[in-house]
Amino acid sequence: MALIVQKFGGTSVGSVERIRNVARRVAKWRRAGHDVVVVPSAMAGETNRLLALAAELQAQPDSRELDVVAATGEQVTAGLVAMALIEAGASARSYTGWQVKVLTDSAHGKARIVSIDDARIRRDLAEGRVVVVAGFQGVDGEGNVTTLGRGGSDTSAVALAAALKADECQIYTDVDGVYTTDPRIVPEARRLHTVTFEEMLEMASAGSKVLQIRSVEFAGKYKVPTRVLSSLTDPMLPVEEEARAGTLITFEEDPHMAMEKAIVSGVAAQRDEAKITVHSVPDKPGIAYAILGPIADANINVDVIVQNVSHDGMTDLSFTVSRGDLPKAMKILKDQVKPHIKCKEVTGDDRMAKVSIVGMGMRSHAGIAAQMFRTLAEEGINIQMISTSEIKISVVVDEKYAELAVRVLHKAFQLEQE
Ligand code: ADP
Ligand code: ASP
Ligand code: MG
(Lines give C-alpha, C1' and ligand atoms only; values in the text may rest on other atoms or scores of the structure.)
(Ligands and ions follow the chains in the order given, each with its own letter.)
Protein backbone atom coordinates (compact mmCIF):
# COMPACT_ATOMS: atom_id res chain seq x y z
CA MET A 1 0.00 0.00 0.00
CA ALA A 2 1.33 3.38 -1.02
CA LEU A 3 0.62 7.00 -0.25
CA ILE A 4 -0.05 8.95 -3.44
CA VAL A 5 -0.72 12.62 -4.11
CA GLN A 6 -2.80 13.14 -7.26
CA LYS A 7 -3.06 16.64 -8.77
CA PHE A 8 -5.74 17.43 -11.35
CA GLY A 9 -5.31 20.51 -13.55
CA GLY A 10 -7.94 22.97 -14.76
CA THR A 11 -9.08 20.99 -17.81
CA SER A 12 -9.21 17.81 -15.74
CA VAL A 13 -11.80 19.40 -13.40
CA GLY A 14 -13.29 21.64 -16.10
CA SER A 15 -16.85 20.32 -15.91
CA VAL A 16 -19.10 18.33 -13.61
CA GLU A 17 -18.63 15.28 -15.82
CA ARG A 18 -14.83 15.60 -15.65
CA ILE A 19 -15.01 15.97 -11.86
CA ARG A 20 -17.03 12.73 -11.77
CA ASN A 21 -14.28 11.07 -13.77
CA VAL A 22 -11.66 12.39 -11.34
CA ALA A 23 -13.65 10.84 -8.50
CA ARG A 24 -13.93 7.51 -10.34
CA ARG A 25 -10.19 7.50 -10.93
CA VAL A 26 -9.32 8.40 -7.34
CA ALA A 27 -11.82 5.91 -5.92
CA LYS A 28 -10.20 3.21 -8.08
CA TRP A 29 -6.77 3.92 -6.52
CA ARG A 30 -8.38 3.92 -3.09
CA ARG A 31 -10.03 0.54 -3.71
CA ALA A 32 -6.63 -0.81 -4.77
CA GLY A 33 -5.58 -0.11 -1.18
CA HIS A 34 -3.68 3.16 -1.53
CA ASP A 35 -3.91 6.29 0.59
CA VAL A 36 -4.73 9.22 -1.68
CA VAL A 37 -4.45 12.99 -1.26
CA VAL A 38 -6.08 14.91 -4.13
CA VAL A 39 -5.05 18.43 -5.16
CA PRO A 40 -7.42 20.09 -7.65
CA SER A 41 -6.81 23.28 -9.64
CA ALA A 42 -9.63 25.70 -10.33
CA MET A 43 -11.92 24.80 -13.26
CA ALA A 44 -10.32 25.75 -16.60
CA GLY A 45 -10.65 29.50 -17.24
CA GLU A 46 -11.83 30.26 -13.71
CA THR A 47 -8.63 31.89 -12.43
CA ASN A 48 -8.54 34.13 -15.51
CA ARG A 49 -12.19 35.05 -14.92
CA LEU A 50 -11.50 35.97 -11.29
CA LEU A 51 -8.44 38.07 -12.19
CA ALA A 52 -10.43 39.88 -14.88
CA LEU A 53 -13.20 40.70 -12.41
CA ALA A 54 -10.64 42.23 -10.07
CA ALA A 55 -9.10 44.23 -12.92
CA GLU A 56 -12.49 45.76 -13.66
CA LEU A 57 -12.55 47.26 -10.19
CA GLN A 58 -8.91 48.27 -9.81
CA ALA A 59 -6.39 48.83 -12.61
CA GLN A 60 -3.64 47.60 -10.27
CA PRO A 61 -5.62 45.29 -7.96
CA ASP A 62 -4.64 45.32 -4.31
CA SER A 63 -2.42 42.27 -4.02
CA ARG A 64 -3.84 41.04 -0.71
CA GLU A 65 -7.43 41.25 -1.91
CA LEU A 66 -6.55 39.77 -5.29
CA ASP A 67 -5.38 36.61 -3.52
CA VAL A 68 -8.62 36.46 -1.54
CA VAL A 69 -10.47 36.45 -4.87
CA ALA A 70 -8.10 34.20 -6.86
CA ALA A 71 -8.00 31.49 -4.19
CA THR A 72 -11.75 30.88 -4.43
CA GLY A 73 -11.43 28.92 -7.69
CA GLU A 74 -9.64 26.06 -5.97
CA GLN A 75 -11.92 26.15 -2.93
CA VAL A 76 -14.88 25.43 -5.23
CA THR A 77 -13.25 22.45 -6.96
CA ALA A 78 -11.95 21.01 -3.66
CA GLY A 79 -15.49 20.85 -2.32
CA LEU A 80 -16.91 19.54 -5.60
CA VAL A 81 -14.27 16.80 -5.89
CA ALA A 82 -14.97 15.71 -2.30
CA MET A 83 -18.72 15.55 -3.07
CA ALA A 84 -18.09 13.51 -6.21
CA LEU A 85 -15.90 11.13 -4.19
CA ILE A 86 -18.61 10.68 -1.57
CA GLU A 87 -21.08 9.98 -4.41
CA ALA A 88 -18.63 7.43 -5.79
CA GLY A 89 -18.71 5.62 -2.45
CA ALA A 90 -15.41 6.87 -1.02
CA SER A 91 -15.13 8.64 2.29
CA ALA A 92 -13.61 12.08 1.60
CA ARG A 93 -12.98 15.48 3.13
CA SER A 94 -11.77 18.74 1.57
CA TYR A 95 -9.61 21.47 3.05
CA THR A 96 -8.48 24.91 1.96
CA GLY A 97 -4.78 25.81 2.14
CA TRP A 98 -5.27 27.74 5.36
CA GLN A 99 -7.17 24.91 7.05
CA VAL A 100 -4.34 22.42 6.48
CA LYS A 101 -2.26 24.68 6.93
CA VAL A 102 0.03 25.47 4.04
CA LEU A 103 2.19 28.23 5.52
CA THR A 104 3.75 30.61 2.98
CA ASP A 105 5.65 33.86 2.94
CA SER A 106 3.69 37.06 2.31
CA ALA A 107 4.59 37.63 -1.37
CA HIS A 108 0.99 37.85 -2.61
CA GLY A 109 0.52 36.40 -6.08
CA LYS A 110 3.83 34.51 -5.96
CA ALA A 111 4.07 33.23 -2.40
CA ARG A 112 6.56 30.52 -1.49
CA ILE A 113 5.60 27.58 0.70
CA VAL A 114 7.48 27.64 4.02
CA SER A 115 5.97 24.58 5.71
CA ILE A 116 2.97 22.26 5.63
CA ASP A 117 1.27 20.90 8.73
CA ASP A 118 0.44 17.28 7.91
CA ALA A 119 -1.37 16.41 11.16
CA ARG A 120 -4.93 16.83 9.92
CA ILE A 121 -4.26 15.03 6.65
CA ARG A 122 -2.63 12.09 8.39
CA ARG A 123 -5.52 11.78 10.82
CA ASP A 124 -8.03 11.64 7.97
CA LEU A 125 -5.95 9.16 5.99
CA ALA A 126 -5.68 6.94 9.07
CA GLU A 127 -9.46 7.01 9.30
CA GLY A 128 -9.72 5.79 5.72
CA ARG A 129 -10.59 9.08 4.03
CA VAL A 130 -9.41 10.53 0.78
CA VAL A 131 -8.14 14.02 1.61
CA VAL A 132 -8.74 16.81 -0.91
CA VAL A 133 -6.53 19.89 -0.50
CA ALA A 134 -7.23 22.99 -2.60
CA GLY A 135 -4.21 23.77 -4.76
CA PHE A 136 -2.54 27.13 -5.49
CA GLN A 137 -3.21 28.60 -2.04
CA GLY A 138 -1.81 29.05 1.43
CA VAL A 139 -1.75 31.42 4.33
CA ASP A 140 1.03 33.68 5.61
CA GLY A 141 2.24 34.12 9.18
CA GLU A 142 -0.33 36.87 9.77
CA GLY A 143 -3.24 34.76 8.57
CA ASN A 144 -3.59 36.41 5.15
CA VAL A 145 -4.68 34.27 2.20
CA THR A 146 -1.87 33.85 -0.36
CA THR A 147 -1.57 32.27 -3.80
CA LEU A 148 1.48 30.59 -5.33
CA GLY A 149 1.61 32.09 -8.84
CA ARG A 150 0.07 30.83 -12.09
CA GLY A 151 0.26 27.08 -12.40
CA GLY A 152 0.87 26.91 -8.64
CA SER A 153 -1.28 23.84 -7.97
CA ASP A 154 1.60 21.73 -9.29
CA THR A 155 3.71 23.16 -6.49
CA SER A 156 0.98 22.56 -3.89
CA ALA A 157 0.88 18.90 -4.93
CA VAL A 158 4.62 18.26 -4.97
CA ALA A 159 5.12 20.15 -1.70
CA LEU A 160 2.35 18.08 -0.07
CA ALA A 161 3.94 14.91 -1.42
CA ALA A 162 7.28 16.03 0.07
CA ALA A 163 5.71 16.89 3.45
CA LEU A 164 3.85 13.55 3.59
CA LYS A 165 6.85 11.60 2.20
CA ALA A 166 4.44 10.23 -0.41
CA ASP A 167 5.52 7.35 -2.61
CA GLU A 168 4.60 9.28 -5.76
CA CYS A 169 3.15 12.59 -6.88
CA GLN A 170 0.98 12.14 -9.96
CA ILE A 171 0.28 15.27 -12.01
CA TYR A 172 -2.82 14.59 -14.13
CA THR A 173 -3.24 17.02 -17.01
CA ASP A 174 -4.63 17.35 -20.54
CA VAL A 175 -1.61 15.72 -22.23
CA ASP A 176 -0.34 12.21 -21.52
CA GLY A 177 3.11 13.26 -20.34
CA VAL A 178 6.08 15.52 -20.99
CA TYR A 179 6.80 15.83 -24.70
CA THR A 180 9.89 16.82 -26.68
CA THR A 181 8.09 20.13 -27.14
CA ASP A 182 4.58 21.52 -26.67
CA PRO A 183 2.45 19.09 -28.72
CA ARG A 184 0.02 21.93 -29.45
CA ILE A 185 2.76 23.67 -31.46
CA VAL A 186 4.46 20.63 -33.00
CA PRO A 187 2.07 17.73 -33.60
CA GLU A 188 5.07 15.43 -34.29
CA ALA A 189 6.34 15.97 -30.74
CA ARG A 190 7.10 12.71 -28.97
CA ARG A 191 6.32 11.74 -25.40
CA LEU A 192 9.33 11.11 -23.18
CA HIS A 193 9.08 8.01 -20.95
CA THR A 194 11.46 9.57 -18.48
CA VAL A 195 13.06 12.97 -18.12
CA THR A 196 15.79 13.83 -15.66
CA PHE A 197 15.04 16.30 -12.94
CA GLU A 198 17.71 18.66 -14.35
CA GLU A 199 16.15 18.59 -17.81
CA MET A 200 12.67 19.16 -16.42
CA LEU A 201 13.95 22.12 -14.40
CA GLU A 202 15.51 23.68 -17.50
CA MET A 203 12.43 22.97 -19.61
CA ALA A 204 10.16 24.59 -17.01
CA SER A 205 12.40 27.65 -16.78
CA ALA A 206 12.53 27.76 -20.58
CA GLY A 207 8.76 28.15 -20.70
CA SER A 208 7.23 24.68 -21.10
CA LYS A 209 4.36 25.22 -18.72
CA VAL A 210 3.45 21.56 -18.24
CA LEU A 211 4.92 21.88 -14.71
CA GLN A 212 5.36 25.06 -12.70
CA ILE A 213 9.10 25.53 -12.10
CA ARG A 214 8.75 25.66 -8.33
CA SER A 215 7.11 22.25 -8.32
CA VAL A 216 10.17 20.86 -10.10
CA GLU A 217 12.44 22.58 -7.58
CA PHE A 218 10.49 20.90 -4.76
CA ALA A 219 10.64 17.54 -6.52
CA GLY A 220 14.42 17.89 -6.81
CA LYS A 221 15.06 19.16 -3.30
CA TYR A 222 12.98 16.48 -1.59
CA LYS A 223 13.45 13.74 -4.20
CA VAL A 224 9.72 13.35 -4.76
CA PRO A 225 9.04 10.74 -7.44
CA THR A 226 6.82 12.74 -9.80
CA ARG A 227 4.88 11.51 -12.82
CA VAL A 228 2.99 13.55 -15.43
CA LEU A 229 0.04 11.72 -16.99
CA SER A 230 -3.32 12.20 -18.65
CA SER A 231 -6.65 12.65 -16.89
CA LEU A 232 -8.47 12.19 -20.19
CA THR A 233 -7.92 8.43 -20.44
CA ASP A 234 -10.53 5.90 -19.28
CA PRO A 235 -10.79 6.47 -15.51
CA MET A 236 -11.20 2.73 -15.07
CA LEU A 237 -7.82 1.94 -16.64
CA PRO A 238 -6.27 -0.77 -14.42
CA VAL A 239 -4.15 0.72 -11.64
CA GLU A 240 -1.09 -1.37 -12.66
CA GLU A 241 -1.26 0.11 -16.15
CA GLU A 242 -1.81 3.68 -15.00
CA ALA A 243 1.10 3.34 -12.57
CA ARG A 244 3.44 3.04 -15.58
CA ALA A 245 1.78 5.64 -17.80
CA GLY A 246 2.99 9.13 -18.70
CA THR A 247 6.43 10.56 -17.98
CA LEU A 248 8.44 9.91 -14.84
CA ILE A 249 10.92 12.48 -13.59
CA THR A 250 14.10 10.64 -12.64
CA PHE A 251 16.91 11.63 -10.30
CA GLU A 252 19.72 9.11 -10.57
CA GLU A 253 21.17 8.86 -14.01
CA ASP A 254 21.58 5.25 -15.01
CA PRO A 255 25.07 5.19 -16.60
CA HIS A 256 23.84 2.87 -19.39
CA MET A 257 20.95 5.16 -20.18
CA ALA A 258 23.23 8.18 -20.02
CA MET A 259 25.34 6.70 -22.81
CA GLU A 260 22.30 6.48 -25.02
CA LYS A 261 20.78 9.69 -23.81
CA ALA A 262 19.65 12.03 -26.55
CA ILE A 263 21.88 15.05 -26.93
CA VAL A 264 18.83 17.27 -27.13
CA SER A 265 15.68 16.06 -25.34
CA GLY A 266 13.39 19.01 -25.74
CA VAL A 267 12.65 22.42 -27.20
CA ALA A 268 10.73 25.08 -25.30
CA ALA A 269 9.55 28.61 -25.93
CA GLN A 270 8.72 31.38 -23.54
CA ARG A 271 6.58 34.11 -25.03
CA ASP A 272 5.68 37.33 -23.25
CA GLU A 273 9.28 38.40 -22.81
CA ALA A 274 10.56 41.95 -23.09
CA LYS A 275 14.04 43.27 -23.74
CA ILE A 276 15.44 46.40 -22.13
CA THR A 277 18.65 48.09 -23.30
CA VAL A 278 20.51 50.72 -21.32
CA HIS A 279 22.62 52.59 -23.89
CA SER A 280 26.05 54.11 -23.37
CA VAL A 281 26.82 53.52 -19.74
CA PRO A 282 30.34 53.96 -18.34
CA ASP A 283 32.12 50.57 -18.39
CA LYS A 284 33.26 50.55 -14.76
CA PRO A 285 32.72 48.46 -11.60
CA GLY A 286 29.29 48.82 -10.00
CA ILE A 287 27.34 49.72 -13.11
CA ALA A 288 25.53 46.39 -13.53
CA TYR A 289 24.59 46.59 -9.86
CA ALA A 290 23.42 50.21 -10.20
CA ILE A 291 21.12 49.15 -13.06
CA LEU A 292 19.89 45.75 -11.87
CA GLY A 293 19.83 46.41 -8.11
CA PRO A 294 16.72 48.66 -8.20
CA ILE A 295 15.05 46.18 -10.59
CA ALA A 296 15.61 43.34 -8.12
CA ASP A 297 14.44 45.54 -5.23
CA ALA A 298 11.14 45.96 -7.09
CA ASN A 299 10.75 42.15 -7.14
CA ILE A 300 11.19 42.00 -10.94
CA ASN A 301 12.92 38.87 -12.22
CA VAL A 302 15.68 39.42 -14.77
CA ASP A 303 16.45 36.54 -17.10
CA VAL A 304 19.01 36.82 -19.92
CA ILE A 305 21.66 39.54 -19.46
CA VAL A 306 24.16 40.69 -22.09
CA GLN A 307 26.83 43.36 -21.80
CA ASN A 308 28.60 44.44 -24.96
CA VAL A 309 32.30 45.18 -25.37
CA SER A 310 33.09 48.75 -24.50
CA HIS A 311 34.07 51.51 -26.90
CA ASP A 312 35.82 54.54 -25.46
CA GLY A 313 34.96 53.38 -21.96
CA MET A 314 31.23 53.16 -22.71
CA THR A 315 29.08 50.04 -23.14
CA ASP A 316 25.45 48.90 -23.60
CA LEU A 317 23.68 46.53 -21.21
CA SER A 318 20.63 44.54 -22.33
CA PHE A 319 18.46 42.21 -20.29
CA THR A 320 15.05 40.54 -20.46
CA VAL A 321 12.13 40.70 -18.06
CA SER A 322 8.65 39.28 -18.41
CA ARG A 323 6.41 41.50 -20.50
CA GLY A 324 4.08 42.34 -17.63
CA ASP A 325 7.01 43.82 -15.70
CA LEU A 326 8.24 46.04 -18.57
CA PRO A 327 6.33 49.27 -17.70
CA LYS A 328 7.41 49.08 -14.06
CA ALA A 329 11.04 48.32 -14.99
CA MET A 330 11.17 51.16 -17.55
CA LYS A 331 9.82 53.61 -15.00
CA ILE A 332 12.44 52.62 -12.43
CA LEU A 333 15.24 52.90 -15.00
CA LYS A 334 14.11 56.26 -16.36
CA ASP A 335 13.20 57.88 -13.04
CA GLN A 336 15.77 56.44 -10.64
CA VAL A 337 18.64 54.86 -12.54
CA LYS A 338 19.21 57.09 -15.58
CA PRO A 339 19.82 60.34 -13.65
CA HIS A 340 22.20 58.47 -11.37
CA ILE A 341 24.38 56.57 -13.91
CA LYS A 342 24.05 59.18 -16.69
CA CYS A 343 23.42 56.71 -19.54
CA LYS A 344 22.36 57.99 -22.95
CA GLU A 345 18.94 56.34 -23.14
CA VAL A 346 16.85 53.38 -22.07
CA THR A 347 14.80 51.48 -24.67
CA GLY A 348 12.33 48.64 -24.29
CA ASP A 349 10.93 46.10 -26.75
CA ASP A 350 7.95 44.08 -25.56
CA ARG A 351 7.63 41.60 -28.42
CA MET A 352 10.33 39.11 -27.57
CA ALA A 353 10.40 35.37 -27.02
CA LYS A 354 13.00 33.00 -25.63
CA VAL A 355 13.52 29.71 -27.45
CA SER A 356 15.63 27.00 -25.80
CA ILE A 357 16.97 23.53 -26.44
CA VAL A 358 17.58 21.28 -23.44
CA GLY A 359 19.40 17.97 -23.03
CA MET A 360 21.71 16.11 -20.66
CA GLY A 361 23.78 14.88 -23.61
CA MET A 362 24.83 18.45 -24.41
CA ARG A 363 27.34 18.30 -21.59
CA SER A 364 29.53 15.95 -23.56
CA HIS A 365 28.89 17.08 -27.14
CA ALA A 366 30.40 20.01 -29.01
CA GLY A 367 28.77 21.79 -31.92
CA ILE A 368 25.21 21.81 -30.65
CA ALA A 369 25.07 25.60 -30.38
CA ALA A 370 26.47 25.95 -33.91
CA GLN A 371 23.79 23.60 -35.24
CA MET A 372 21.10 25.57 -33.43
CA PHE A 373 22.34 28.90 -34.80
CA ARG A 374 22.68 27.54 -38.34
CA THR A 375 19.12 26.18 -38.24
CA LEU A 376 17.77 29.56 -37.17
CA ALA A 377 19.91 31.42 -39.73
CA GLU A 378 18.55 29.23 -42.53
CA GLU A 379 15.07 30.46 -41.63
CA GLY A 380 16.21 34.08 -41.48
CA ILE A 381 15.56 34.27 -37.74
CA ASN A 382 17.74 36.92 -36.13
CA ILE A 383 19.18 36.02 -32.72
CA GLN A 384 19.21 39.00 -30.39
CA MET A 385 20.61 37.46 -27.22
CA ILE A 386 22.11 34.12 -26.23
CA SER A 387 22.46 32.42 -22.87
CA THR A 388 23.62 28.94 -21.97
CA SER A 389 23.85 26.52 -19.11
CA GLU A 390 25.54 23.11 -19.05
CA ILE A 391 22.44 21.46 -20.50
CA LYS A 392 20.57 24.34 -22.19
CA ILE A 393 21.03 26.92 -24.92
CA SER A 394 18.55 29.80 -25.08
CA VAL A 395 18.18 32.49 -27.70
CA VAL A 396 16.04 35.60 -27.55
CA VAL A 397 14.24 36.33 -30.84
CA ASP A 398 11.40 38.47 -32.13
CA GLU A 399 8.18 36.93 -30.81
CA LYS A 400 6.76 36.46 -34.29
CA TYR A 401 9.43 33.79 -34.93
CA ALA A 402 8.85 31.79 -31.74
CA GLU A 403 6.69 29.01 -33.19
CA LEU A 404 8.74 28.75 -36.38
CA ALA A 405 11.93 28.49 -34.31
CA VAL A 406 10.47 25.71 -32.17
CA ARG A 407 9.32 23.77 -35.22
CA VAL A 408 12.59 24.00 -37.17
CA LEU A 409 14.72 23.17 -34.12
CA HIS A 410 12.51 20.19 -33.28
CA LYS A 411 13.07 18.95 -36.82
CA ALA A 412 16.78 19.78 -37.01
CA PHE A 413 17.52 17.74 -33.88
CA GLN A 414 15.23 14.92 -35.10
CA LEU A 415 13.25 14.93 -31.90
CA GLU A 416 10.27 13.22 -33.51
CA GLN A 417 12.40 10.06 -33.76
CA GLU A 418 12.85 7.65 -30.85
P1 ADP B 1 -3.02 21.98 -16.20
O2 ADP B 1 -4.22 22.85 -16.29
O3 ADP B 1 -3.36 20.52 -16.14
O4 ADP B 1 -2.08 22.39 -15.12
P5 ADP B 1 -1.33 23.24 -18.17
O6 ADP B 1 -2.06 23.93 -19.26
O7 ADP B 1 -0.78 24.08 -17.07
O8 ADP B 1 -2.28 22.11 -17.59
O9 ADP B 1 -0.13 22.36 -18.75
C10 ADP B 1 -0.38 21.41 -19.76
C11 ADP B 1 -0.08 22.00 -21.11
O12 ADP B 1 1.33 22.26 -21.19
C13 ADP B 1 -0.35 21.11 -22.29
O14 ADP B 1 -1.68 21.20 -22.71
C15 ADP B 1 0.64 21.59 -23.34
O16 ADP B 1 0.04 22.42 -24.31
C17 ADP B 1 1.64 22.43 -22.56
N18 ADP B 1 3.03 22.05 -22.77
C19 ADP B 1 4.05 22.92 -23.02
N20 ADP B 1 5.19 22.27 -23.21
C21 ADP B 1 4.93 20.96 -23.06
C22 ADP B 1 5.73 19.77 -23.14
N23 ADP B 1 7.03 19.81 -23.39
N24 ADP B 1 5.12 18.59 -22.93
C25 ADP B 1 3.80 18.52 -22.66
N26 ADP B 1 3.00 19.59 -22.59
C27 ADP B 1 3.54 20.81 -22.79
N1 ASP C 1 -5.69 27.94 -11.01
C2 ASP C 1 -4.34 28.45 -10.99
C3 ASP C 1 -3.95 28.99 -12.37
O4 ASP C 1 -4.76 28.98 -13.28
C5 ASP C 1 -3.36 27.44 -10.51
C6 ASP C 1 -3.20 26.21 -11.37
O7 ASP C 1 -4.00 25.94 -12.26
O8 ASP C 1 -2.25 25.46 -11.12
O9 ASP C 1 -2.86 29.45 -12.55
MG1 MG D 1 -0.63 23.90 -15.04
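All of these numbers come straight from a predicted model, not from anything done at the bench. In listed order, ligands and their atoms are each counted from 1.
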Can you confirm whether the side chains of [X] and [Y] place a donor and an acceptor under 3.5 Å from each other?
X    : Y    : value
T247 : H193 : no
E74  : Q137 : no
Y95  : D124 : yes
E399 : Y401 : no

### Query
For ligand 2, what are the residues with a heavy-atom contact below 4.0 Å?
S41, A42, T47, E74, F136, R150, G151, G152, S153
### Query
Can you tell which of L326, D325, T320 makes a side chain to side chain contact (heavy atoms under 4.5 Å, CB included) with S322?
D325
### Task
Determine the sole option in V36, V81, V37 for which the side chain to side chain contact (heavy atoms under 4.5 Å, CB included) test with V26 is passed.
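Result: among V36, V81, V37, V36 is the only option passing the side chain to side chain contact (heavy atoms under 4.5 Å, CB included) with V26.
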### Message
K209 vs D182, test: salt bridge (charged side-chain N to carboxylate O under 4.0 Å, His left out). Steps then yes/no.
### Response
CA-CA 9 Å; K209 69 162 186 167; D182 188 340; over 6 Å; no
### Query
Is it true that E403 and R271 make a salt bridge, defined as a side-chain N closer than 4.0 Å to a carboxylate O?
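Looking at R271 together with E403, the answer is yes, because their closest N to O distance falls below 4.0 Å.
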### Task
Return the minimal non-hydrogen interatomic distance between V306 and N308, and the atom names on each side.
CG1-OD1, 4.0 Å
### Task
Give the protein residues with at least one non-hydrogen atom closer than 4.0 Å to an atom of ligand 1, ordered by chain and number.
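Protein residues near ligand 1 are K7, G9, G10, T173, D174, V175, G177, V178, Y179, T181, D182, P183, R184, M203, S208, K209, V210.
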